[in-house]
Amino acid sequence: TDQKCYDETTLEFIVDDSPEVYDVIMAIQCDDGNDDTDGFSEFDTSNVTQTLLTNPETSITQSLDDFSVSYQYLDENGNTINASELPNPFNTKTQTVIATVTNKLNDSCTITKDIEFVVEDLPVANSVTIGRQCDGAAGDDSQDGIFPFDTSNIQQTLLNGQTDVTTYYYDKDDNFIGNTLPNPFETGSQIIKIQVENNTDQKCYDETTLEFIVDDSPEVYDVIIPIQ
């Protein structure tokens, strides 16, 4: 009509901020705890959320007032857990934790980030023994307390086929003997320490001891019976 009567309304366009996530690098750790062969290690997770939300170039941290964080991980029993925080300490085997950051005003604005937790297995320092010996049984001075032990089988028994490891031998005073034992190894009675260490940056190791025993040999002396 000529009057051109009309009504009107408004339409609002809203663009919500999408969260940003940043790399969280967890250092590889050695298997530890009461059982150091179970594949578990305890990680310090106190800075994980802060690192996840903080731009490393500007040091600006996204506020938890604006964004929520959740983590999906496997607990010690293998159950899948979804939580707003990781346990601290986080006792875990090697696994990938999924972190999710979401805009609290718009849950379609979300982003995920993988966080790798890696536990390195320890090498095995297998038990080694060596027979006790009598002082002087090798034909040397029978009163010096030293015996030349045959150590030719020690390294093989200790490692039992393991490779990519280095061995370290220390005497009873913690002095470094060498990466292998001399053969023969001339020593008195003592307990030495042996470490087997992975050839990795983490240098995870296991250790054992080896006891050398040199027993006193009896002495005999001439008995002179006077002629009668």
Side-chain angles (χ1 to χ4, degrees), residues 25-44 76 88-94 117-228:
I25 307 299
M26 302 301 298
I28 298 172
Q29 294 191 180
C30 304
D31 192 343
D32 59 19
N34 293 329
D35 181 356
D36 57 15
T37 62
D38 61 0
F40 281 88
S41 185
E42 291 187 344
F43 290 81
D44 179 3
E76 297 176 44
N88 189 37
F90 182 34
N91 190 38
T92 182
K93 292 184 174 182
T94 295
F117 290 82
V118 179
V119 180
E120 181 177 307
D121 292 336
L122 300 187
V124 177
N126 291 287
S127 177
V128 285
T129 59
I130 198 162
R132 62 196 302 157
Q133 299 292 339
C134 294
D135 191 2
D140 56 352
D141 185 346
S142 64
Q143 292 302 310
D144 64 358
I146 304 296
F147 186 88
F149 287 86
D150 178 5
T151 61
S152 57
N153 293 322
I154 295 298
Q155 190 79 354
Q156 180 179 354
T157 303
L158 176 72
L159 296 182
N160 193 28
Q162 294 174 95
T163 58
D164 295 324
V165 296
T166 301
T167 53
Y168 300 88
Y169 291 81
Y170 299 90
D171 69 13
K172 61 183 177 60
D173 298 317
D174 213 30
N175 297 310
F176 180 59
I177 299 171
N179 296 116
T180 58
L181 281 177
N183 189 34
F185 180 44
E186 297 186 357
T187 181
S189 295
Q190 66 165 316
I191 298 175
I192 69 169
K193 180 177 70 176
I194 313 171
Q195 288 184 345
V196 181
E197 183 179 281
N198 287 341
N199 294 335
T200 61
D201 291 339
Q202 286 65 48
K203 298 186 180 299
C204 302
Y205 70 91
D206 188 22
E207 65 181 30
T208 188
T209 59
L210 173 58
E211 183 173 15
F212 294 87
I213 299 175
V214 181
D215 291 311
D216 290 337
S217 290
E219 295 286 332
V220 292
Y221 304 97
D222 291 338
V223 179
I224 306 300
I225 305 296
I227 297 174
Q228 296 186 6

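For the single chain, residues carry numbers from 1 onward in sequence order.
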- Decide side-chain contact (heavy atoms from CB on, under 4.5 Å) for N126 and L159; before the verdict, give the C-alpha distance in whole Å, the side-chain angles of both, and the deciding distance to 0.1 Å. CA-CA 6 Å; N126 291 287; L159 296 182; 5.8 Å; no
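Counting only distance, with no hydrogens or angles, the side chain of E42 and the backbone of P89 share no donor-acceptor pair below 3.5 Å. Not one N or O on the side chain of D222 forms a donor-acceptor pair closer than 3.5 Å with the backbone of I224. Under the 3.5 Å distance criterion, the side-chain polar atoms of S41 are left unmatched by any main-chain donor or acceptor of D31. Although no hydrogens or angles enter the test, the distance criterion places a donor-acceptor pair under 3.5 Å between the side chain of Q162 and the main chain of V124. A donor-acceptor pair is defined here as one N or O able to donate and one able to accept, closer than 3.5 Å; no such pair exists between the side chain of D173 and the backbone of N175.
At least one side-chain heavy atom of Q155 sits less than 4.5 Å from a side-chain heavy atom of Y169. Between L210 and F185, the closest side-chain pair of non-hydrogen atoms is not below 4.5 Å. You'll find the side chain of I213 stays beyond 4.5 Å of the side chain of F147, heavy atoms only. The shortest distance between side-chain heavy atoms of L181 and I192 falls below 4.5 Å. Using a 4.5 Å cut-off on side-chain heavy atoms (C-beta onward), I191 and E211 make contact. When side chains are defined from C-beta on, M26 does not count as touching V118, because their heavy atoms never get closer than 4.5 Å.
Contact detail for Q195 and E207: the closest heavy-atom pair is NE2-OE1, 3.2 Å. Taking all atoms of both residues into account, the shortest heavy-atom contact from D135 to G145 is OD2-N, 2.8 Å. The two residues I177 and P182 come nearest to each other via the heavy atoms CG2-CD, 4.0 Å. Residues Q202 and C30 come closest through the heavy atom pair O-SG, 4.0 Å. A pairwise comparison of heavy atoms in F176 and Y170 identifies CA-CD2, 3.7 Å as the closest pair. The two atoms that bring V119 and T92 nearest to each other are CG2-O, 3.4 Å, heavy atoms only.
Atom OG1 of T94 sits about 10.0 Å away from atom CZ of F40, to the nearest 0.5 Å. Residue F149 holds its CZ atom at 9.5 Å from CZ of R132, rounded to the nearest 0.5 Å. Here the straight-line distance linking atom OH of Y205 with atom CG of N198 works out to 12.5 Å at 0.5 Å rounding. Separating the OG1 atom in T151 from the CZ atom in F212 is a distance of 7.0 Å, to the nearest 0.5 Å.
For K93, there are no salt bridge (charged side-chain N to carboxylate O under 4.0 Å, His left out) partners two or more places apart in sequence or in a different chain.
Checked by atom type, the side-chain pair N199/T166 shows a donor-acceptor distance below 3.5 Å.
For D201, the CG atom is loosely surrounded, since the number of other residues' heavy atoms within 6.0 Å does not exceed 12. Within a 6.0 Å sphere centred on CG of D216, other residues, nucleotides and ligands contribute 12 heavy atoms or fewer. Applying the 6.0 Å contact sphere to NZ of K193 captures more than 12 heavy atoms from other residues, nucleotides or ligands.
Tested against V165, the residues L158, T200, V196, D206 include a single side chain to side chain contact (heavy atoms under 4.5 Å, CB included) partner, V196.
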